[in-house]
Amino acid sequence: MAEELIVSEAADKAGKYKGLLPQIEALVTGEPDLTANLANIASALKYGMDFFWVGFYLVKEDELVLGPFQGPIACTRIRMGKGVCGTSWEKAETIVVEDVDAFPGHIACSSDSKSEIVLPAFKDGKVALILDVDSDQVSDFDETDKEYLEQLMRVVEKFL
Ligand code: SME
């Protein structure tokens, strides 16, 4: 296993994702443990992309429950349809929120979080977990994040 990730500071956002994703895939390949892989992915994204908060919420019965994350402490349980994460789970689709204050029902785990992107990963056709990435800047996420983070969720689905 590589001891550190290599991410070019000079690269633009797409370039950073392009450099990081194969390294993340290598990091989880051959390791079947869900917690270990999600923990390393959260760290790789947080430090590789310099995000404010990166974490996973796992579908457990009728709630999302906080899983491995990097960043300030966060809410532990989210109901289906609640907040951005619960809405992404209910709709089974990626949600990009440019301004969290403009998203009805947004759950503010940290007042420093200003924008976010939330993506589902599927097992047997159902949402099994949610990736939540937060920024302390408004409008920090766009189609580029959606494209590459959705690719990452397809990698996650290989070990779900
Ligand atoms: N903002 C999320 C809650 C999770 S925290 O941001 C880590 C939401 O509205 O679902």
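We use all heavy atoms of the structure for the numbers below, so side chains are in, but hydrogens, waters and symmetry mates are not. Both counts, for ligands and for their atoms, begin at 1 and track the order of listing. All residue numbers refer to positions in the sequence shown, counting from 1.
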What does the N/O contact table under 3.5 Å look like for ligand 1?
| unit_1 | atom_1 | unit_2 | atom_2 | d |
| --- | --- | --- | --- | --- |
| ligand 1 | 1 (N) | H106 | NE2 | 3.2 |
| ligand 1 | 1 (N) | I107 | O | 2.7 |
| ligand 1 | 1 (N) | E116 | OE1 | 3.4 |
| ligand 1 | 1 (N) | E116 | OE2 | 2.9 |
| ligand 1 | 6 (O) | D132 | OD2 | 3.3 |
| ligand 1 | 6 (O) | D134 | OD2 | 2.9 |
| ligand 1 | 9 (O) | V84 | N | 2.9 |
| ligand 1 | 9 (O) | I107 | N | 2.9 |
| ligand 1 | 10 (O) | V84 | N | 3.0 |
| ligand 1 | 10 (O) | C85 | N | 2.8 |

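Checked by atom type and distance alone, the side chain of S115 pairs as donor or acceptor with a backbone atom of D140 at under 3.5 Å. Under a 3.5 Å cut-off, the side chain of Q23 and the backbone N or O of G19 do form a donor-acceptor pair.
A 6.0 Å sphere centred on NZ of K46 holds more than 12 heavy atoms belonging to other residues, nucleotides or ligands.
A single hydrophobic cluster is seen to contain both M49 and V133, as judged by linkage of ILVMFWY side chains at heavy-atom distances under 4.5 Å, directly or through other members.
Residue pairs that meet the disulfide (SG to SG under 2.5 Å) test with at least one member in residues 100-160, sequence neighbours left out, are C75-C109.
Ring-plane geometry between Y148 and Y17 is classed as parallel, the angle between the planes falling under 30 degrees on a 0 to 90 degree scale with a further cut at 60.
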